[in-house]
Amino acid sequence: MALRAPSRAPQAPGAKIDFNALKPPPGYVAGLGRGASGFTTRSDIGPSMPAPEAQAENKEDDESKFDEFLGNDAGALAATGAYDDEDREADEVWEKLDERMDERRKAQREQRMKEELDKFRMSNPKIGDLFKDLKRGLADLDTSAWEGIPDIGDTTVKRQKRSEIFTPAPDSLLAAAAGASATATALDARGGLETPGGASSLTAVGAGRSTVVQLKLDRISDSVSGQTVVDPKGYLTDLKSVALKSDAEISDIKKARLLLKSVIRTNPRHGPGWVAAARLEEVAGKLPAARELALKGAEMAPGYADVWLEAARLHPPETAKAVLARGVAALPESVPLWLAAARLEGSDEARKRVLLRALERVPQSVRLWRAAVELSDEDDARILLSRAVECCPQHVELWLALARLETHKNAQKVLNRARQAVPTSAEVWVTASKLEEAAGAAEAPAKIVPRALKSLAANGVVIDRDWWLREAEAAERAAPPFPATCRAIVAAVVGVGVEEADRKRTWVADAEEALRRGAVETARALYAAALAAYPGKKSIWRAAAELERAHGSPEAVDALLRRAVQYCPGAEVLWLMAAKERWRAGDVGGARAVLEEAFARNPDSEEIWLAAFKVEREAREVERARLILARAREHEPASTARVWMKSAALEREAGDAAAERALLAEGLRRFPDSWKMHLMLGQEAERRGDAPAARAAYAAGTRLCPRVPTVWVAAARLEEGQGAFRARARCWSRRACATRARPSSGWRPRAPRRGRATPRPPRRCSRALQECPDAGALWAEAVRVASRATRKSRSVDALKRCNDDPAVVAAVARLFWDDRKVDKARAWLERAVTLAPDVGDFWALLLKFEAAHGTPARQEDVLRRAAAAEPRHGERWQAVAKDPANAFVPFEALLKKLASVIDTEAPM
């Protein structure tokens with residue numbers, strides 16, 4: 001250690017110099033010449049830890065060096081490690097590339113690993129596998145063989161545990177033990193400085209203490225049977241409850257303790273200070289100190305209810321009862337103290353006694369009355385509520401509770417008194433309306449609710465329309481429901497605060513929202529109010545009819561539609577809905593009567609003529625259907641191309657080819673641009689086997705309707721059926737692509753793919769997608785004709801371009817189906833039928849999927865939903881539905897028939 005003597009003042013000349021008092025020169029080490037080595041201590045160089053300011057600076061330097069991408073490295077890239085969007089995009093590209101490279105030979109790699117594992121198991125079999133044949137032979141042993149197996153006995157090589165031998169202790173040992181535990185009352189003559197028994201006594205005491213500890217451990221240790229007597233869960237729970245506090249927390253607790261001690265010393269009558277001090281000690285784990293502070297705070301500040309509640313909380317129940325008894329004596333009007341005292345009681349009767357005593361002191365407390373009523377039976381509750389409404393007349397909930405417990409007459413009196421006591425309460429009026437409706441007076445709510453609005457407005461209450469509509473929905477959802485009250489509320493408040501110009505839109509929107517929440521009666525009342533104000537709006541009638549069809553009875557739907565056609569006689573859709581409802585109910589005569597009346601009101605309506613034809617056709621009345629169509633063809637405004645086409649279709653179903661051909665010829669003379677009749681004429685010629693006539697019909701159709709790809713496809717298929725695929729069929733397909741109106745249909749390369757098994761279809765799809773990059777049908781075709789290795793990438797591209805196209809969704813569903821991913825395939829097929837419920841091909845595909853992987857219940861659900869959707873489109877569906885042989889086949893049978901023949905690889 002370097003010696004540093006304090007410097008002193010210079011001495012007089014000739015005086016003896018004290019070298020020990022001089023300051024050593026810099027770098028001097030005592031005894032260095034004799035081989036000694038110097039050393040330094042903390043007192044020489046000061047504290048070793050840097051100052052707080054230096055620590056903060058170092059920390060800021062370290063944080064400034066940290067980078068989200070490079071971390072805390074200080075290498076060559078530390079200053080240029082900015083991670084921008086280009087780096088993130090590059091990382092994503094590399095990750096996708098790694099995933100792609102990993103998937104390329106994933107199947108081969110897994111197969112090779114499986115073969116290696118099988119080979120390893122064959123060369124290194126398990127012991128159990130070696131004895132499989134012997135184990136199988138054990139099944140043939142009989143009972144005598146099993147009983148003849150000898151007992152091998154105890155062949156263990158371990159040392160047997162000796163049984164414990166209990167020997168009675170002799171009297172000398174008991175006397176020695178009694179003497180050792182005796183207490184000496186006399187002083188030793190040798191004095192108190194000498195240890196009695198010598199140094200060996202300390203060893204004996206230590207040995208004895210070790211013995212006692214060992215005995216305690218043995219007592220709580222495992223028994224011989226292996227069952228422990230220590231609760232491990234409780235022991236671990238106790239360990240978890242031990243809160244280990246850091247030095248910082250202990251320091252904070254000490255500081256808080258000093259501050260709170262200062263608070264309660266300077267102002268001992270301040271209750272919150274005592275509460276805070278008690279809770280601090282509780283947090284610190286010193287529960288006795290917390291209890292003591294709480295009790296002392298109750299003595300010093302008895303006027304604070306929180307102090308008494310805190311003291312009761314910290315003490316056990318019996319002590320807490322005494323504390324609260326003192327508290328209610330000091331604060332007899334404190335409701336929280338009385339409620340806490342009641343909760344500490346063990347039975348309902350004891351709680352009720354405490355609450356009744358509390359009500360004697362605080363009769364105006366609604367909380368006490370409510371708690372007492374909840375603990376009472378019906379008769380006692382009625383008596384208590386009768387007293388409660390006298391003490392607290394302004395509280396509506398007490399009046400309503402009393403009215404619910406009284407009879408009808410008494411409840412009327414109670415509500416009248418409540419209305420006088422609280423004239424601004426709307427709940428009283430609503431309860432009165434429900435009361436009268438429950439008593440059987442269904443017309444009373446229509447009188448009570450308007451009086452309620454008038455009375456509330458007279459007392460200065462602002463009518464809240466939304467609140468009243470919510471009350472209407474609550475009345476509808478009540479058990480039992482109150483529909484008359486619901487309708488009366490809606491009728492009274494539907495126009496409150498709504499401008500005249502916004503009424504129709506607002507009321508319809510409110511009805512749709514109520515229906516979305518399940519409030520059918522409220523929505524029905526809103527539609528009724530809208531129809532009363534706007535009886536000539538057919539959109540409101542249609543919405544109301546759809547509501548009744550979904551949630552009402554057939555009689556209600558028919559009555560509503562009868563009213564609708566009276567107010568809107570020129571609305572064809574309402575007449576058709578009325579006739580269809582009669583027809584669905586099996587009332588063919590009623591449907592005819594409705595349509596006859598519709599004819600009288602709308603003689604020029606094509607839809608009504610065709611609806612009448614459909615009714616007769618479904619009823620198998622072919623002659624009546626012919627007569628209706630003949631009259632429609634003669635009536636000039638109704639003689640349309642659709643009427644002539646339906647007439648030809650009827651003759652085709654009846655099997656009269658000559659009449660069908662004549663009707664088509666006349667119809668095409670009148671309407672030469674009707675591509676459907678051109679198509680039907682060509683199909684009729686194909687059925688007769690007259691290929692030249694069919695070719696001429698299709699040629700005329702393509703010439704007069706060049707923008708319709710269906711005619712072009714039919715012409716190409718005719719040539720394909722005649723064996724002229726390579727020449728004429730391909731020519732028709734190319735001409736269709738050249739004159740495409742809907743390019744996606746003209747470009748779909750189906751005919752070339754059926755005639756040649758070459759890579760031509762994918763190339764043709766690529767060319768088509770260049771012309772029509774957003775055509776979902778083309779993308780679906782591209783996914784289907786792609787090779788198995790490229791289908792996934794093709795499907796991803798298709799979803800990027802046409803995410804919500806039903807054809808693309810169905811194509812992806814087929815991929816999941818091929819890969820046996822049942823849940824995903826079902827989800828995507830459900831999405832396809834949701835996006836395009838009018839396409840029958842998707843419903844048939846879903847039905848086939850459920851038949852293969854679903855349950856009968858799922859199949860029935862698909863059939864039910866498909867029948868409700870009434871699909872009319874779809875290439876395969878139209879071919880089946882419009883087949884003359886299936887003219888009168890039920891819908892479910894048609895869908896099942898298509899599902900049985902549709903192929904998952906077929907185009908959609």
Side-chain angles (χ1 to χ4, degrees), residues 66-73 75-78 80-126 753 757-770 773-774 776 778-832 845 849 852-853 904-905 907-908:
F66 181 77
D67 185 81
E68 181 181 0
F69 178 69
L70 297 176
N72 210 11
D73 295 335
L77 299 177
T80 61
Y83 189 69
D84 53 7
D85 294 338
E86 294 182 357
D87 296 333
R88 186 177 294 103
E89 183 178 0
D91 290 342
E92 293 177 357
V93 171
W94 282 110
E95 290 178 0
K96 292 181 180 179
L97 183 60
D98 293 340
E99 294 176 359
R100 176 62 178 168
M101 295 299 294
D102 183 66
E103 290 180 357
R104 291 185 62 183
R105 294 179 175 83
K106 184 177 180 181
Q108 294 85 342
R109 186 170 59 255
E110 292 179 353
Q111 181 67 22
R112 185 174 64 255
M113 292 176 62
K114 183 178 178 181
E115 293 175 356
E116 293 178 357
L117 182 60
D118 295 341
K119 186 183 299 183
F120 175 78
R121 288 179 176 174
M122 291 179 61
S123 59
N124 299 277
K126 298 180 181 179
R753 175 172 29 80
T758 62
R760 189 68 173 273
R763 292 202 299 269
R764 191 170 179 81
C765 279
S766 300
R767 180 185 172 191
L769 289 173
Q770 291 177 1
D774 296 329
L778 286 178
W779 280 108
E781 189 76 10
V783 171
R784 196 185 63 80
V785 301
S787 62
R788 193 172 187 86
T790 60
R791 279 186 179 182
K792 289 185 179 180
S793 60
R794 272 293 188 180
S795 63
V796 172
D797 296 338
L799 290 174
K800 288 181 180 179
R801 283 284 188 177
C802 311
N803 185 32
D804 293 331
D805 190 277
V808 174
V809 172
V812 175
R814 288 197 294 267
L815 293 185
F816 286 127
W817 190 350
D818 294 340
D819 294 339
R820 301 296 179 181
K821 297 179 180 180
V822 177
D823 295 336
K824 290 187 177 181
R826 178 181 289 114
W828 283 79
L829 286 174
E830 290 286 351
R831 183 183 174 190
L845 193 62
F849 174 82
H853 302 284
T904 56
E905 295 293 337
M908 288 290 109

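Only heavy atoms go into these numbers, but all of them, side chains included; no hydrogens, no water, no symmetry mates. Being a predicted model, the structure only gives us computed values, none of them experimental. Residues: numbered from 1 along the sequence shown.
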### Query
Side chains of Glu110 and Lys114: does their closest heavy-atom pair fall under 4.5 Å?
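The answer is no; the side chains never approach within 4.5 Å.
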### Task
Compare all side-chain heavy atoms of Phe849 with those of Val822 and state whether any distance is below 4.5 angstrom.
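Side chain of Phe849 against side chain of Val822, heavy atoms only: contact under 4.5 Å found.
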According to salt bridge (charged side-chain N to carboxylate O under 4.0 Å, His left out), who are the partners of [X], at least two apart in sequence or on a separate chain?
X: Arg88; answer: Asp85
X: Asp804; answer: Arg831
X: Arg109; answer: Asp102

### Over 12 foreign heavy atoms within 6.0 Å of CD, Glu86
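Not more than 12 within 6.0 Å, no.
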### Query
Counting distance only, does the side-chain N/O of Asp805 pair as donor-acceptor with the main-chain N or O of Ala807 below 3.5 Å?
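Flag set: sc Asp805 to bb Ala807 pair under 3.5 Å.
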#### Entry: Leu815 side, atom CG; Lys824 side, atom NZ - distance, nearest 0.5 Å
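Spacing of CG (Leu815) from NZ (Lys824) equals 12.0 Å.
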#### Entry: Lys106 side, atom NZ; Met101 side, atom CE - distance, nearest 0.5 Å
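Atom-to-atom, Lys106:NZ and Met101:CE are 15.0 Å apart.
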### Message
Can you tell me how the ring of Trp817 sits relative to the ring of His853, calling it parallel under 30°, perpendicular over 60° and tilted otherwise?
### Response
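Because their plane-to-plane angle is over 60°, the rings of Trp817 and His853 count as perpendicular.
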### Message
Minimum heavy-atom separation for Ser795 and Val812, please, with both atom names.
### Response
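Answer, listing the atom of Ser795 first, then Val812: CB-CG2, 4.1 Å.
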### Considering all heavy atoms, the nearest Ala825-Ala813 contact
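The pair with the smallest heavy-atom distance is CB-O, 3.8 Å.
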### Query
Taking it one step at a time, do Val796 and Lys792 satisfy side-chain contact (heavy atoms from CB on, under 4.5 Å)?
CA-CA 6 Å; Val796 172; Lys792 289 185 179 180; 5.6 Å; no
